[in-house]
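Some notes on the structure that comes next.
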There are 2 protein chains.
Amino acid sequence: MAFARLAILPTYKVVSDTIEREILAGRLNAGDILPTETELADQFGVTRHTVREGIRILEQSGLVRREAGRRLYVAEPHYGDLAPRLSRAMVMQRVTFRELWEVSMDLEPSAAAHAAGRIDASRLAQLRANVEATEEAIAAGTSIIPLDVAFHILVAEAAGNRALLLAREPVTQLFYPALERLFRHPKTSAVGPRRLVEAHRHIVEALADGDAAVAREWMRKHMVDFRRGYDTAGLDLDEALDPTAAPPAAPPPRR
Amino acid sequence: MAFARLAILPTYKVVSDTIEREILAGRLNAGDILPTETELADQFGVTRHTVREGIRILEQSGLVRREAGRRLYVAEPHYGDLAPRLSRAMVMQRVTFRELWEVSMDLEPSAAAHAAGRIDASRLAQLRANVEATEEAIAAGTSIIPLDVAFHILVAEAAGNRALLLAREPVTQLFYPALERLFRHPKTSAVGPRRLVEAHRHIVEALADGDAAVAREWMRKHMVDFRRGYDTAGLDLDEALDPTAAPPAAPPPRR
DNA sequence: GATATTTCAATTGTCCAACAAACGAACAAT
DNA sequence: ATTGTTCGTTTGTTGGACAATTGAAATATC
């Protein structure tokens with residue numbers, strides 16, 4: 001017979017695991033203030049240093065948060081916190097545009113279809129405003145990429161599926177630099193934006209009508225267009241994405 | 001005039017950011033051994049404890065790794081490291097079975113379709129072996145859930161799309177407990193496993209033939225069956241998943 | 001009485017010093 | 001060839017200390 005490896009964990013890991021379990025089990029809820037480091041150290045029977053190392057792990061996991069020198073509280077883990085890490089992993093694995101596009105080809109039309117049945121008036125208004133703003137940006141010659149990204153996020157949110165939202169976010173983040181490159185390209189810059197805003201408009205109308213099939217179809221066309229633009233521009237679908245292109249900057253942490 | 005908020009970060013964060021930058025810039029490559037904690041402390045001009053807190057952050061990010069009490073080395077961040085965090089976020093957001101199912105309904109058939117054109121002999125053999133093992137498990141009356149999960153992972157890997165793999169992994173992790181509940185249920189346990197293995201078999205054959213359409217269609221049916229089973233068992237689609245059900249245990253870290 | 005200002009205890013962030021435990025390697029013993 | 005022994009190195013953990021910041025109570029000011 002053979003013994004299984006012993007699962008001996010360092011103390012700081014035990015600390016973080018223990019607190020994590022309390023949070024996941026719902027005994028600690030988002031917003032709750034945790035005990036001070038000294039209290040935790042006393043309760044666990046370990047040093048404050050050890051507790052602090054455990055806290056760093058929880059913080060990085062997004063389960064707890066601390067503002068400046070203030071008390072620790074249980075955080076609502078938000079998509080935005082996870083997406084950067086995911087994108088980083090994809091960048092380091094040299095994920096290609098083709099891979100991202102294939103996934104988007106599944107998720108985006110589906111998001112549009114689900115949104116058709118679930119969208120509310122407020123978000124619909126936001127989408128209309130987004131399309132207007134995009135028109136203006138085209139006329140003014142300013143960048144439409146943030147608006148495009150926002151459009152797709154709005155649609156995904158309207159789909160009312162948080163699993164979908166989480167699954168597509170890292171993909172979106174990496175699309176951003178690829179979009180930059182695409183819309184800057186001379187061959188596509190003339191016609192691309194027009195087609196884009198036209199597709200967006202059709203999608204919004206389909207959502208307003210509650211027509212899932214049309215919404216899905218226009219989103220599909222929109223994604224196909226996107227890839228076609230990439231081809232037309234002569235960019236390589238199977239090349240790793242450029243990691244140097246800056247992701248949308250986060251505001252500096254309050255401290 | 002007004003000054004922007006100063007981005008003053010705690011020292012341990014500066015430490016982790018600095019090392020992270022070296023890794024992302026490629027000056028430190030995967031596999032490289034980092035200096036010892038004492039050396040790092042000397043170089044940065046801070047205490048060893050501060051360095052350690054920074055290391056905990058990097059470790060949790062998956063950028064560096066340490067085995068047992070040994071030296072620190074730069075790691076290639078892998079999907080497996082990130083998926084648990086996503087699942088955790090989904091648990092805390094009280095994601096429902098319906099949401100997971102909707103996403104799987106997009107990703108799984110698509111994975112099967114892509115796999116049809118890209119699968120290699122080795123993975124095909126693994127899939128066949130998996131189906132055999134599932135048959136045996138059914139005959140023996142043991143749990144087929146790990147085998148089912150493994151089957152879907154194999155198909156997703158065969159699709160040769162790392163973005164897809166990353167997007168679907170957290171969903172799978174959460175499906176696991178739901179599957180447990182489903183297959184334990186008296187109303188489905190009689191017929192469910194048979195239908196499952198039949199679908200798996202059809203999918204494998206379609207992959208062997210390189211027939212993307214058939215592979216996609218059988219996977220779709222398979223997913224529909226899954227949901228139907230959930231319905232038949234009288235389980236609530238819109239109920240938050242049970243977070244207490246253990247996720248597939250990872251092998252304990254070597255120490 | 002309401003609003004600043006000051007004070008003060010509590011808490012975090014960082015440092016210094018120490019030691020036990022585990023590891024790797026080299027070497028001796030069976 | 002395997003098993004014990006030793007030793008220097010590195011991590012894991014502990015203790016105590018103190019400056020800086022924060023939140024809130026207490027005080028002064030209008």
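Lettering follows sequence order; numbering is per chain, from 1. Hydrogens, waters and symmetry mates are skipped; everything else that's a heavy atom, side chains included, is used.
Atom-to-atom distance recorded for A:Arg56:CZ and A:Leu58:CG is 10.0 Å, nearest 0.5 angstrom. We find the CD1-OG distance between A:Ile55 and A:Ser61 to be 12.5 Å, quoted to the nearest 0.5 Å.
Using a 4.5 Å cut-off on side-chain heavy atoms (C-beta onward), B:Leu34 and B:Leu28 make contact. Counting only heavy atoms from C-beta outward, the side chains of A:Ile57 and A:Glu53 never approach each other to under 4.5 Å.
At least one side-chain nitrogen or oxygen of B:Arg52 sits closer than 4.0 Å to the OP1 or OP2 atom of D:dG12. Distances shorter than 4.0 Å separate some side-chain N or O of A:Arg66 from OP1 or OP2 on C:dG13.
What separates CD1 of B:Ile55 from P of D:dT10 is a distance of 13 Å, to the nearest Å. Rounding to whole angstrom units, CZ of residue A:Arg71 and P of D:dG23 are separated by 11 Å. B:Arg56 places its CZ atom 17 Å from the P atom of C:dG13, with the value rounded to the nearest Å. Rounded to whole Å, atom C1' of D:dT9 lies 16 Å from atom CG of B:Leu72. The CG atom of A:Leu9 sits 14 Å away from the P atom of C:dA22 (whole-angstrom rounding). Taking atom OH of A:Tyr73 as the reference point, atom P of C:dT11 lies 18 Å away to the nearest angstrom.
B:Asp236 is linked by a side chain to side chain contact (heavy atoms under 4.5 Å, CB included) to B:Asp238, B:Glu239, counting only residues two or more places apart in sequence or in another chain. Not counting sequence neighbours, A:Glu39 has no partner by the side chain to side chain donor-acceptor pair (under 3.5 Å) test. Looking at residues two or more places apart in sequence or on another chain, you find a side chain to side chain donor-acceptor pair (under 3.5 Å) between A:Glu157 and A:Arg123. Residues that satisfy the side chain to side chain donor-acceptor pair (under 3.5 Å) test with B:Asp120, not counting sequence neighbours, are absent from this structure.
Residues of residues 33-41 of chain B having a heavy atom closer than 4.0 Å to DNA chain C: none are found.
For B:Glu53, taking side-chain heavy atoms from C-beta onward, the closest of the listed nucleotides C:dT14, C:dG13, D:dT13 is C:dT14. Set against C:dT12, D:dG12, C:dT14, the side chain of B:Pro10 has C:dT14 as its closest nucleotide.
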Between protein and nucleic acid, restricted to nucleotides 15-19 of chain C and to nitrogen or oxygen atoms under 3.5 Å apart, what atom pairs and distances do you find?
unit_1, atom_1, unit_2, atom_2, d
C:dC15, OP2, B:Thr47, N, 3.1
C:dC15, OP2, B:Thr47, OG1, 3.3
C:dC15, OP2, B:Thr50, OG1, 2.9
C:dC15, O5', B:Thr47, OG1, 2.9
C:dC15, N4, A:His49, NE2, 3.0

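Two rings, from B:Phe226 and B:Phe97, have their centers less than 6.0 Å apart.
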